[in-house]
Amino acid sequence: MTAVTAGSLLLAPHPAGADPKPTVREGSALPRGAAQAPASAAQRALTAPVTDLADDAADTTAAPRGYPREQVLTVGPENPADKSIKLGLTPYHAIAPKLNSLQELGDRVSVEVAGRSAGGHRLYLVTVTAPESARQARDQARMRELIESAPRSAAKSPAVKKTYKAPVFFNNNIHGNEWEGTDASLKLIERLATADDTETKDLLAHSRLYFNITANPDGRIAGTRANANGFDLNRDFVTASQPEVRAIRQIQIDKQPAVMLDLHGYVNGTLIEPTTPPHGENYEYDLFLKNTYANALGMESAVNGLGHTPEKDGVDPAQIPFRDSEEGWDDWPPIFTPQYAAFHGTVAAHTVEIPLQVNNAAYESLPVAELRRRSAINVDVAGAALRATLDFVREKRASLVADQIEVFRRGATGAAQVPVSEETVPGVPGIGPEDVYTAEFPRAYVIPAGSAQRSATAAALLVDHLLANDVRVTRATHSFRLGGRSYGKGSYVVDMRQPKRGLANVLLADGRDISDKVSVMYDISGWSLGRLWGATVAKVDSGRPSAVPARPVTTAARVGYVAPRGDLRLRLDSPQEIAALNSLLRDGVSVRQAADGSALVPASARRRAKALATSHDVAFDATRTTGGTPLHRVRVAAAVTAGELFALREMNFEVVPVSTAILNAGFDWSTADALFVSSGLSYGGLNASARTALTGFLTTHGLVGRGTTGAALASATGQLKATAVEGNGDANGVVRVVNSGGPVTGGAPDHSFVYAPVWFTDLGPAVSVEQSYGTGEPLVSGHWRPLADGTGGPAAAAGQASVVSGPNAVLFGTEPLFRDHPKGAFPQVGRALLTA
């Protein structure tokens, strides 16, 4: 990281460095402090529809739509509190009138609303291209579909070679307080709208340029990295929990860009992808590296050609991590926009970090004149990167489209990946064995139906997520055998010979333990929705999926069901089931908890159960079980991260955020039934009055804690006797766990997620082990090394308690609510809150 961040130590006349980057992008743990995202933002994120942005070539009954597609945008009121104003940049309220005026400049600029943010703001997608008739637009759509679905035919098509417009995508301002990409794009659109030079005409005749003007209007207005839900959107592409990310996902699916830029800040000098190892093993990385490196050279030349210097402006020369750094800026996880784009056929994709810091401490401390000087330079740098990319596209259009076709051809035919080397990627210096990462794709995945499925609700959720990511799925119309195993009718099959096999594999595979490959990672290193969402997924290495009696599906079959008579049993193995239970409890239904942790619902609540079975897609089975422990509505006081707050609300808990400061100011504990603590609450930081109130609450109410913060509070208040042992703070990934089968972890998946893992020792006599890390090597995929002294590694955690409970408390050493990601582990927290 030293080479990357040396510019932050400049002592120029106007110091202009970046925030020093930690060895893990978000530090060794999630940011501290109570999450304050409003409930309304969470509700919008959970319910916001996805906007269809496709040109439907197949629907001949639809009204024809050519280009331009102009519309007059409603202009909102001015907001003098918009943080962009201080920097001399375009505030969000000025974007709509600016886009209205740009559409009036000619026939090249079109504007669509791609969705709304969690905070309710419109997301504007601008298309710049030469005018197209309705027939020409349909021809483009047909060719785009041919490239993905029939790549061998597309490779031979004269029409594709001659007339297909290469799609290019510019994503701006995904981190809300990294503003300048938006302004650079608006400037570029204005120039393209009227430019009469030969190069511009040629570019727009042979390409479509798509600009996501601000991917994060909530953060742009508030001056925050995150959106209104407190989410870092550039970490959300595996799960797409936020509406802004779902909008970007749909742009990438419907527009199928061959080239994309994601404009960020602030690293001095300007940092331009491609990255250091490790490289995502599911990409067609040879094609990606070839094009991304070539475009990076052009952007580097353009940025340096602006003439900024360390002495004159505080601006260092641009850098390309693949060439200039050893490690620390990897492209391993598909949670970043450019890395996710690669799975939709983008063959040149870049994070570009513009140089001069204007956010965070700099925003508050520097004079306005200096902030505006820096922002102006940043806009110029971003503009140079944009213009250089357009030059690259104009020059390389044919080969870029051919390489995108090749990505899809390899997937559809099951062709082997091509390992990178100086021979396979000529012109890229410094390729070595440390850059070679390839995947072993199975022949198929099967998501079984019936008793072979751990959770039908989780399986349906996973299938719908695959489909939303444009992964092709079929459903068996009869029972079948594949790869030597039998599966029931209704099972789902993901044939891995499909155009986007890389994305299918990245979502369903176990992943890889890369702890021995590099010493530091930029962000998470392990993920597996098959393991972490609570659904059973079978990997199939042989056989012919095409012979399975099955039909393509566009949505998962609904599993909602209510037994026609008798009392009902609701399993609590998915977030939706916890959410349905909380609705019942809020309605005053008398629900009991069975010994296995499931909920027993009286027959008298059948009508309400039917409504919830439909709305949450959950099953209420018949039961004759009697007895059980009464369950009650739980209002949660929560000192948590933004992701945890969102997950609690997804499970329909009523949540009141708290923190050390809130408790010290005087908190009304009568508004809460349980306390969940993971971040932002320190017993030592409480004043005497707050301590007394907290201790009094915990004498009659439950505590659920995560990590060292939760464990420290449990110890300080005498709620549970256990010693929390911290593992390597940089560690993260998918781990094997062993569940006790009690009310907290009964029915839970045998895998969980860790981020700065913790385990518990020296347990008191009243403390039970609810879950343990697996013996041997618990890490399945991710990056988890011992510390320098040999402690803190996975071997030290093996067999140790990962979740423990006492009479009124539960502690987690795992990360069961991490970024709305390991959904199969959510119910463990839900059950803990209900039982503690």
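Between Pro333 and Trp527 there is a side-chain heavy-atom pair separated by less than 4.5 Å. You'll find the side chain of Leu529 reaches within 4.5 Å of the side chain of Val238, heavy atoms only. Contact annotation: the side chain of Phe818 never approaches that of Asn732 to less than 4.5 Å [non-hydrogen atoms, C-beta and beyond]. At a threshold of 4.5 Å between non-hydrogen side-chain atoms, the residues Thr129 and Arg108 do not count as touching. Under the 4.5 Å side-chain criterion, counting only non-hydrogen atoms from C-beta, Val128 is in contact with Phe211. Taking the side chain as every heavy atom from C-beta outward, Arg122 and Ser117 never approach each other to under 4.5 Å. For the pair Val126 and Ile213, the minimum side-chain heavy-atom distance is below 4.5 Å. Looking at heavy atoms from C-beta onward, Pro217 lies in side-chain contact with Leu123 at the 4.5 angstrom threshold.
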side-chain contact (heavy atoms from CB on, under 4.5 Å) evaluation trace for Ile95 with Thr182:
CA-CA 9 Å; Ile95 291 176; Thr182 293; 4.3 Å; yes
Just do the side-chain contact (heavy atoms from CB on, under 4.5 Å) check on Ile335 and Asp523 with the steps written out, would you? CA-CA 9 Å; Ile335 57 176; Asp523 203 85; 3.2 Å; yes
Kindly indicate, with the supporting measurements, whether the criterion side-chain contact (heavy atoms from CB on, under 4.5 Å) is fulfilled by Arg208 and Val168. CA-CA 6 Å; Arg208 283 188 188 165; Val168 183; over 6 Å; no
Derivation of the side chain to side chain donor-acceptor pair (under 3.5 Å) call for His175 and Asp232:
CA-CA 7 Å; His175 289 150; Asp232 184 334; 2.7 Å; yes
Please determine whether side-chain contact (heavy atoms from CB on, under 4.5 Å) holds for the pair Phe322 and Thr276, giving the CA-CA distance in whole Å, both sets of side-chain angles, and the decisive distance to 0.1 Å.
CA-CA 5 Å; Phe322 185 92; Thr276 63; over 6 Å; no
| said: If you apply the rule side chain to side chain donor-acceptor pair (under 3.5 Å), what do you find for Gln252 with Thr346, and how did you get there? | reply: CA-CA 9 Å; Gln252 295 186 352; Thr346 304; 5.9 Å; no
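In this structure, Ser325 contributes its side chain and Glu327 its backbone to no donor-acceptor pair below 3.5 Å. A donor-acceptor contact shorter than 3.5 Å links the side chain of Asp254 to the backbone of Ala54. Checking side-chain atoms of Asn173 against main-chain N and O of Glu178 turns up a donor-acceptor pair under 3.5 Å. Judged by distance alone, the side chain of Arg635 and the main-chain N or O of Val655 form no donor-acceptor pair under 3.5 Å. At least one donor-acceptor pair closer than 3.5 Å links the side chain of Thr660 to the backbone N or O of Ser682. Looking at Asn171, its side chain never comes within 3.5 Å of a backbone N or O of Asp262 through a donor-acceptor pair. Proximity of a side-chain donor or acceptor of Asn652 to a complementary backbone N or O of Ala579 within less than 3.5 Å is detected. Although no hydrogens or angles enter the test, the distance criterion places a donor-acceptor pair under 3.5 Å between the side chain of His93 and the main chain of Asn79. Side chain of Thr270 to main chain of Ala318: no donor-acceptor pair is present (N/O by atom type, distance under 3.5 Å, no hydrogens or angles). Under the 3.5 Å distance criterion, the side-chain polar atoms of Asn359 are matched with a main-chain donor or acceptor of Asn177.
In this structure, CG in Asn229 is found 8.0 Å from CG in Asp218, a value given to the nearest 0.5 Å. Separation of atoms OG1 (Thr51) and CZ (Arg246) is listed at 10.5 Å; rounding is to 0.5 Å. Atom CG in Leu89 sits 12.5 Å away from atom NZ in Lys86 (nearest 0.5 Å).
The shortest heavy-atom contact between Pro816 and Phe826 is O-CD1, 3.2 Å. Closest heavy-atom contact between Ala228 and Ala37: O-CB, 3.3 Å. Among all heavy-atom pairs drawn from Gly729 and Ala756, the shortest one is O-CB, 3.6 Å. Between Ser375 and Glu180, the shortest heavy-atom contact is OG-OE2, 3.3 Å. Taking each heavy atom of Val109 and Ala193 in turn, the nearest pair found is CG2-CB, 3.7 Å. Pairing each heavy atom of Phe753 with each of Gly526, the nearest pair is CE1-O, 3.2 Å.
Side-chain contact, His344 with Asp470: no donor N or O sits under 3.5 Å from an acceptor N or O. Using modelled atom types and a 3.5 Å distance limit, the side chains of Glu644 and Thr641 yield a donor-acceptor pair. Side-chain atoms of Asp52 and Gln250 include no donor-acceptor pair closer than 3.5 Å. In this structure, a donor-acceptor pair under 3.5 Å is present between the side chains of Glu273 and Gln339. No donor-acceptor contact under 3.5 angstrom links the side chains of Glu353 and His264, judged on distance only. With 3.5 Å as the limit, one finds a donor-acceptor pair spanning the side chains of Asn234 and Thr337. Defined by atom type and a distance below 3.5 Å, a donor-acceptor pair is missing between the side-chain atoms of Thr275 and Asp330.
Taking a cutoff of 4.0 Å between a charged side-chain nitrogen and a carboxylate oxygen, Glu370 and Arg373 qualify as a salt bridge. Salt-bridge check for Asp236 with Arg819: failed, with every basic side-chain N at 4.0 Å or more from each acidic carboxylate O. Looking at Lys823 and Glu650, a side-chain N of the basic residue comes within less than 4.0 Å of a carboxylate O on the acidic one, giving a salt bridge. Between Asp183 and Arg220 there is a salt bridge, since at least one side-chain N of the basic residue sits less than 4.0 Å from a carboxylate O of the acidic one. Ion pair Glu244/Arg116 not flagged as a salt bridge, since none of the NZ, NE, NH1 or NH2 atoms sits closer than 4.0 Å to an Asp/Glu carboxylate oxygen.
Open room surrounds NZ on Lys187; 12 or fewer heavy atoms of other groups in view lie less than 6.0 Å from it. Crowding of Lys255 atom NZ: a count of heavy atoms from other residues, nucleotides or ligands under 6.0 Å exceeding 12. Atom CD of Glu70 has more than 12 heavy atoms from other residues, nucleotides or ligands within 6.0 Å.
Under the 6.0 Å cut-off for aromatic ring centres, Tyr210 and Phe169 do not qualify, their centroids lying 6.0 Å or more apart. Ring pair His465/Trp533: centre-to-centre distance below 6.0 Å.
For the ring pair (Phe, Tyr, Trp, His ring centres under 6.0 Å) test with Phe237, the passing option among Tyr340, Phe336, Phe343, Phe231 is Tyr340; the others fail. Exactly one of Ile354, Asp313, Leu306 qualifies for a side chain to side chain contact (heavy atoms under 4.5 Å, CB included) with Ile377. That residue is Asp313. Looking at Asn282, Asn469, Thr239 one by one, the single match for side chain to side chain contact (heavy atoms under 4.5 Å, CB included) with Leu507 turns out to be Asn469.
Legend: ring-ring contact (aromatic ring centres under 6.0 Å, His included) pairs involving residues 349-370, not counting sequence neighbours, sorted by first then second residue: Trp179-Tyr363.
Checked against side-chain hydrogen bond (donor to acceptor under 3.5 Å, both in side chains), Asn172 has the following partners two or more places apart in sequence or in another chain: Ser185.
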